[in-house]
Amino acid sequence: MRVVVAGATGLIGTALLPLLRARGHHVTALVRDESKAVAADDTVVADALDPTAVRGALLAARPDVVVHQLTALRQMSAEAFETTARLRTEGTANLIMAAREAGAAKLVVQSISFATAPLGDPVLSEDAPLYLDAPDPGWARTVQAVAEMERLVLGTPDIAGTILRYGTLFGPQTQYDPAGPFGAAIGHGKVPIPETATGVTSFLHVQDAALAAVSAVDSDVTGVFNIADDEPAEGGTWLPEYARLLGGPPPRPIPSDVAEKALGWFANYQLTAMRGARTDRARTELGWKPTVSWRRGLASG
Ligand SMILES: NC(=O)c1ccc[n+]([C@@H]2O[C@H](COP(=O)([O-])OP(=O)(O)OC[C@H]3O[C@@H](n4cnc5c(N)ncnc54)[C@H](OP(=O)(O)O)[C@@H]3O)[C@@H](O)[C@H]2O)c1
């Protein structure tokens, strides 16, 4: 099949291109900076937020499938989250409009598994409600953009939509790379742990994220799929273990009432309330399963 990958220069995109080509697909990389090298059969150039450029790029590429791996999350700033929200709403709408015009039959789109509301079981399925009314305005905006993106993809007539809700990414060059921002802070004992750290994180290695996208491209099944490793872990489990694997001191315990101030809203939420992701649907319907658990891969970069 002819496959366009938007976000081809990203961590997941870079892992994905050779996997798709090895499956015999003709892969076109959609990039915004022509000077960045990509291992694709063809390259088209467009800023995903420019509808005219995206239209021209997809009309030139004539894809059967469009894979959307666009984020601005290499930086973890408020601006990067806002740009990512725009990529998820405007960028997705641009890709859908252009994909329809270019005659594509399928969209495979990166989403997140940890946008669910912190209600009920510690590990939730794809049917759980999203945290649209999160008390943190930045996180509410992120979740609302995710919901809008998923609505656009699943509601597009004539094009089959597959949403891959990725867990928290780890692996080389991610935030959790031992040399990355979180890895370095945790390894140096700079991340304290709230006294009740029962929030659950479902991690996902970048390579497994790319393999899930290949399964989605090759499958006739559509819908929403959580994609994460086999070991959803409470903050009280993974944070001390990650510090130990990095050779750092155990995280310093802090009382719950000062944890949000010390950690920031999201990290405190992740460690105390966030829910993990069940992946049964991806296993049974997509035929995908994770190959690396955070316990083996988190500290190896
Ligand atoms: N995915 C998530 O939900 C999430 C959440 C938290 C943290 N992270 C962090 O994000 C990093 C990896 O994730 P990733 O592979 O999803 O992201 P990534 O490596 O940042 O890749 C994003 C891709 O989107 C492209 N892009 C961004 N804006 C664009 C635009 N306006 N037009 C066209 N292309 C555009 C980038 O192109 P350029 O190369 O031109 O920039 C790049 O190819 C890790 O550090 C991870 O820890 C991800």
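Read the numbers this way: they start at 1 and go in the same order the structure lists the ligands and their atoms.
Residue contacts with ligand 1, taken as heavy atom pairs separated by less than 4.0 Å, do not involve Val31 at all. Within the 4.0 Å heavy-atom criterion, the part of Gln110 lying near ligand 1 is the side chain and not the backbone. When non-hydrogen atoms are compared, ligand 1 lies under 4.0 Å from the side chain of Arg88 (C-beta onward) but not from its backbone. Residue contacts with ligand 1, taken as heavy atom pairs separated by less than 4.0 Å, involve Lys36 solely via side-chain atoms from C-beta onward.
Closest protein heavy atom to atom 32 (N) of ligand 1: Ala48 N, 2.9 Å. Looking at atom 25 (C) of ligand 1, its nearest protein heavy atom turns out to be Leu70 CD2, 3.9 Å. With hydrogens left out, the protein atom closest to atom 41 (O) of ligand 1 is Arg32 NH2, 2.8 Å, a heavy atom. From the protein, the heavy atom lying nearest to atom 11 (C) of ligand 1 is Leu11 CD1, 3.9 Å. For atom 45 (O) of ligand 1, the closest non-hydrogen atom on the protein side is Thr174 CA, 3.4 Å. Looking at atom 37 (O) of ligand 1, its nearest protein heavy atom turns out to be Thr9 OG1, 3.1 Å. At the top of the distance list for atom 13 (O) of ligand 1, counting protein heavy atoms only, stands Leu169 CD1, 3.6 Å. Remark: minimum distance from atom 20 (O) of ligand 1 to any protein heavy atom is reached at Arg74 NE, 3.0 Å.
Closest heavy-atom approach to atom 48 (C) of ligand 1 among the candidates Ile12, Leu16, Val5, Leu73: Leu73.
Contact atoms of ligand 1 toward Gln173: 45 (O) (distance under 4.0 Å to a heavy atom of the residue). For ligand 1 and Gln69, the ligand atoms under 4.0 Å from any heavy atom of the residue are 22 (C), 23 (C), 24 (O). Taking every heavy atom of Gln175 and a limit of under 4.0 angstrom, the matching atoms of ligand 1 come to 45 (O), 47 (O). Under a 4.0 Å criterion applied to the non-hydrogen atoms of Asp47, ligand 1 contributes the atoms 30 (C), 31 (N), 32 (N).
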Working note: Thr92 + Arg88, criterion side chain to side chain donor-acceptor pair (under 3.5 Å); need CA distance, chi angles, decisive distance, verdict. CA-CA 5 Å; Thr92 301; Arg88 285 176 172 147; over 6 Å; no

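In this structure, the ring of Tyr131 has its center less than 6.0 angstrom from the ring center of Tyr269.
Checked against a 3.5 angstrom limit, the closest N/O atoms of Asp33 and ligand 1 fall outside it. Backbone and side-chain nitrogen or oxygen atoms of Thr71 are examined, and one is located within less than 3.5 angstrom of a nitrogen or oxygen of ligand 1. Annotation: Ile112 places no N or O atom under 3.5 Å from an N or O atom of ligand 1; distance criterion only. For ligand 1, the polar-atom distance check against Leu30 finds no nitrogen or oxygen pair separated by under 3.5 Å. Remark: ligand 1 and Gly10 share an N or O pair separated by less than 3.5 Å (distance only, no angle test).
Using a cut-off of 4.0 Å between Lys/Arg side-chain N and Asp/Glu carboxylate O, Asp121 and Arg275 are scored as not salt-bridged. Here Arg296 does not pair with Asp229 in a salt bridge; the nearest charged N to carboxylate O distance is not below 4.0 Å. Under a 4.0 Å N-O distance rule, the pair Glu82/Arg141 qualifies as a salt bridge. For the pair Arg55 and Glu101, the salt-bridge criterion is met [side-chain N within less than 4.0 Å of a carboxylate O].
The closest side-chain heavy-atom distance from Val67 to Val3 is below 4.5 Å.
Heavy atoms from other residues, nucleotides or ligands lying under 6.0 Å from CZ of Arg2 number more than 12. Taking a 6.0 Å sphere around CD of Glu285, one finds it holds more than 12 heavy atoms contributed by other residues, nucleotides or ligands.
Phe266 and Trp139 have tilted rings, their planes meeting at an angle from 30° to 60° on a 0 to 90° scale. In this pair, Tyr176 and Trp238 present their aromatic rings perpendicular. The plane angle is above 60°, beyond the 30 to 60° band.
Residue His68 is tested with Val109, Ile96, Val4 for a side-chain contact (heavy atoms from CB on, under 4.5 Å); the sole match is Val109.
Distance alone, capped at 3.5 Å, is enough to place a donor-acceptor pair between the Thr84 side chain and the Ala72 backbone.
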